[in-house]
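Numbers for residues simply follow the sequence, beginning at 1. No hydrogens, no waters, no symmetry mates; every other heavy atom, side chains included, goes into these values.
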Amino acid sequence: MTVNLPRICNPASIEVSRARFRARSRLTGILLAVTLLAGCTSGDDATNAKDDQTNPETPIITGDLPKSVGYGGLPSIESSDPNFLGDHFSGSGSCAVCHNGIEDDTGKDVSIESSWEATTMAQSARDPYWRAKAAATVKNHPNLLHEINDTCTRCHAPMANEAARKDGVALEMFSESFTADNKYFDHAMDGVSCTLCHQIEDTGNLGTVESSSGNFSIAEYPAGEKENRPAYGQYGDPVGAYMIANAEYTPIYGAHMSSSAVCASCHDLKTHKLDADGEVIDADIKDRFQEQQTYTEWNNSDYRDGGSSAASCQACHMPKLDTTVTLASSGTDLRRADFSEHTFLGANTVMLDMFENFKEELGIQAEGFPEAIKRNREFLKTAADLTVVGTRSDGDNIVATLKIENHTGHKLPSGYPSRRVFVHLAVTDDTGAVVFESGKMRSDGSIVGVDGDDNFNRYEPHYNTVINENQVLVFEAIMADIKGNITHSLVNATRYAKDNRLTPKGFDKAFAENDVAVIGAAAQDDNFNSGSDYFEYRIPVTSGGNYYIFADLVYQPLAYGHLESLFQDTDVPEVDEFKTIYDATTLHSETISSAITQHTH
């Protein structure tokens with residue numbers, strides 16, 4: 001908990017007020033929501049009716065939409081064989097034989113496969129949200145069935161995609177025939193697995209547009225030369241005989257395995273745009289829609305190679321051990337330093353929670369999700385700091401100035417545009433009564449006052465100053481189609497209508513590449529740039545006295561309005577099944593950073 005006390009105050013009083021606020025907010029939640037909704041206006045013409053400020057971002061679409069309805073279905077995905085042996089790949093179980101059951105000098109279990117299996121990388125093809133989005137897209141664009149299968153499986157089921165390509169077969173994962181009897185089923189369901197990543201070649205163009213969007217390269221070896229298949233790694237003197245004999249892979253030093261450029265293969269991703277008739281616009285990769293540009297965001301920051309704070313993707317998401325470890329339980333006793341753990345730290349605890357609670361339905365055999373949630377939750381707390389810079393009285397208002405500092409090497413949030421970060425700020429008086437609250441999250445994951453959660457054809461504008469409870473600071477990327485309408489469908493997207501995601505340190509929005517540009521009102525906000533954002537809240541109060549300000553910076557991997565758009569297609573089984581899972585899930589967000597202060601008015 002970050003505590004910022006710009007004025008002299010009594011910490012004990014703050015703790016008392018905090019307790020009163022929590023107790024009181026439970027009792028007054030319904031009343032507060034009714035009060036806020038009563039103060040809402042649904043339309044905005046040339047100005048934003050929420051605050052009488054100019055709002056050029058919000059489209060002119062009025063009224064709230066009814067909530068989606070599901071049918072209570074649940075997935076029934078078959079389990080796969082992680083020990084499969086293919087012509088081009090082997091399952092993770094083959095690697096686990098030697099690379100599990102290993103400890104560092106302190107006795108800490110750093111098993112490679114069991115660390116990896118409790119990640120979204122390992123479960124990428126079982127992710128119920130991804131399956132729902134892909135299935136809905138196929139339903140709405142049946143003419144794009146092949147393109148959707150190829151594009152979506154390239155990074156979510158890459159071994160199946162690559163194996164099918166090498167065999168000259170079109171992979172049709174999104175069909176009823178794709179069951180455990182399918183030749184590529186085990187390949188697909190092993191996710192982003194060991195022998196996929198460790199076979200990616202350095203062809204000299206890693207980190208370029210040409211090698212992004214799933215355009216990684218994996219060499220092909222004749223059946224009689226399978227033992228020559230490479231297993232690229234971080235050490236220059238690999239011990240190879242045991243792996244060659246037992247797994248038919250040859251460990252080879254690959255400097256690229258420690259570089260951010262290898263991650264760019266899937267984490268810089270561009271997709272085809274559609275014209276007004278729903279047909280694919282033929283274009284080079286550089287001219288397609290930038291679904292995610294995490295690598296390019298990093299490359300425009302101080303964390304890039306040669307930057308003042310240089311750090312690779314692996315440095316944060318695969319942290320190195322301070323101790324030594326023997327990398328295999330058999331075949332060698334050589335102790336290695338600087339080993340990168342395969343925990344693939346991230347922020348999506350919500351999906352990990354779904355994996356844990358719906359293992360049987362999703363066909364998941366992995367263990368360790370509760371522990372993974374804990375370490376990812378702690379990792380997320382390092383992503384940013386929220387502080388109260390100062391407070392002052394201005395007539396009948398308390399003016400609070402806050403600052404966010406992004407400590408990640410990319411935008412926050414980064415990746416697929418279902419994600420958002422927002423500020424929840426509440427103010428109480430000496431009795432614990434809530435006198436102001438912006439950004440309150442409901443139990444279903446929606447946020448009071450956010451335009452896009454009431455109507456997914458709209459979105460919340462960017463603010464430099466929040467002047468009422470119906471305004472919420474939301475940092476997000478919002479897609480638009482070729483006609484300029486808001487869309488939550490990747491295949492319909494041609495540009496971003498809004499991108500005010502927090503930029504990383506060293507990122508200059510005036511000179512950043514177009515693919516990672518700040519878009520909308522934040523582009524003109526002088527307080528928003530280079531890893532930080534300053535903003536104010538003008539909080540109306542009716543009397544003098546002590547007031548307590550509580551602020552949280554909150555992360556959501558699945559924005560409510562974005563999901564409501566998806567849930568219009570609950571006639572698609574995968575969508576209905578994911579809605580059932582989402583509705584049964586109580587974890588919808590994580591707090592990144594918090595700040596508290598007292599102000600005497």
Side-chain angles (χ1 to χ4, degrees), residues 2 4 202 204-209 211-212 234 254-268 290 292-322 337-341 343-347 376 378-387 389 401-415 419 421 475 477 499-519 522-535 553 555 592-593 595:
T2 302
N4 305 281
D202 182 2
N205 67 353
L206 285 174
T208 67
V209 172
S211 71
S212 67
Q234 69 179 101
H256 62 292
M257 296 306 293
S258 299
S259 75
S260 297
V262 74
C263 305
S265 300
C266 279
H267 292 288
D268 256 16
Q290 61 273 32
Q292 62 178 279
Q293 295 284 286
T294 304
Y295 173 80
T296 300
E297 293 163 10
W298 168 85
N299 212 29
N300 279 263
S301 79
D302 284 346
Y303 299 95
R304 67 188 180 277
D305 290 341
S308 60
S309 301
S312 67
C313 305
Q314 294 90 329
C316 294
H317 297 277
M318 300 178 66
K320 290 183 177 180
L321 293 175
D322 295 328
D338 296 326
F339 170 66
S340 294
E341 290 192 83
T343 47
F344 295 100
L345 297 172
N376 283 286
E378 290 305 308
F379 177 67
L380 186 57
K381 291 177 182 178
T382 69
D385 282 323
L386 173 68
T387 55
V389 177
T401 302
L402 283 77
K403 178 185 180 182
I404 299 172
E405 289 185 272
N406 177 12
H407 300 310
T408 72
H410 44 70
K411 290 186 179 181
L412 182 65
S414 188
R419 304 165 182 175
V421 168
F475 304 95
D499 186 352
N500 71 333
R501 292 174 297 167
L502 295 154
T503 61
K505 185 175 69 171
F507 182 107
D508 189 336
K509 64 183 180 183
F511 300 102
E513 300 172 45
N514 288 336
D515 282 344
V516 293
V518 175
I519 297 171
Q524 285 75 49
D525 182 349
D526 292 338
N527 295 315
F528 180 97
N529 201 18
S530 193
S532 66
D533 185 27
Y534 288 86
F535 45 89
L553 185 65
Y555 170 75
I592 300 172
S593 179

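Ser260 places a side-chain N or O within 3.5 Å of a backbone atom of Cys313 that can act as its donor or acceptor partner. Side-chain N or O atoms of Asp268 include one that pairs as donor or acceptor with a backbone N or O of Thr296 at under 3.5 Å.
Checked against ring-ring contact (aromatic ring centres under 6.0 Å, His included), Tyr303 has no partners two or more places apart in sequence or in another chain. Asp338 meets the salt bridge (charged side-chain N to carboxylate O under 4.0 Å, His left out) test with no other residue; sequence neighbours excluded. Contacts of His317 classified as ring-ring contact (aromatic ring centres under 6.0 Å, His included), with partners at least two apart in sequence or in another chain: Phe379. Shown here are the salt bridge (charged side-chain N to carboxylate O under 4.0 Å, His left out) partners of Asp499, two or more places apart in sequence or in another chain: Lys411, Arg501. Applying the side chain to side chain contact (heavy atoms under 4.5 Å, CB included) test to Ser414 and every residue at least two apart in sequence or in another chain returns Thr294, Glu297, His410.
Contact between Ala384 and Ser593 at its shortest, heavy atoms only, is O-CB, 3.5 Å. Taking all atoms of both residues into account, the shortest heavy-atom contact from Gly207 to Ala264 is CA-CB, 4.2 Å.
With contacts defined as side-chain heavy-atom distances shorter than 4.5 Å, the pair Val262/Gln314 qualifies. For the pair Leu321 and Glu341, the minimum side-chain heavy-atom distance is below 4.5 Å. Thr343 places a side-chain heavy atom less than 4.5 Å from the side chain of Pro319. A heavy-atom distance below 4.5 Å is not found between the side chains of Asn406 and Phe507.
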Acceptor/donor pairs from residues 528-535 side chains to any protein atom, 3.5 angstrom cut, sequence neighbours excluded:
{"from": "Asn529", "atom 1": "OD1", "to": "Lys509", "atom 2": "N", "distance (Å)": "2.9"}
{"from": "Ser530", "atom 1": "OG", "to": "Gly506", "atom 2": "N", "distance (Å)": "3.2"}
{"from": "Tyr534", "atom 1": "OH", "to": "Lys403", "atom 2": "NZ", "distance (Å)": "3.1"}

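Phe475 CZ to Leu502 CG: the interatomic distance, rounded to the nearest 0.5 Å, is 4.5 Å. Expressed to the nearest 0.5 Å, how far CD of Gln234 lies from NZ of Lys320 amounts to 6.0 Å.
By the 6.0 Å contact criterion, CG on Asp508 is enclosed, its count of non-hydrogen atoms from other residues, nucleotides or ligands being greater than 12.
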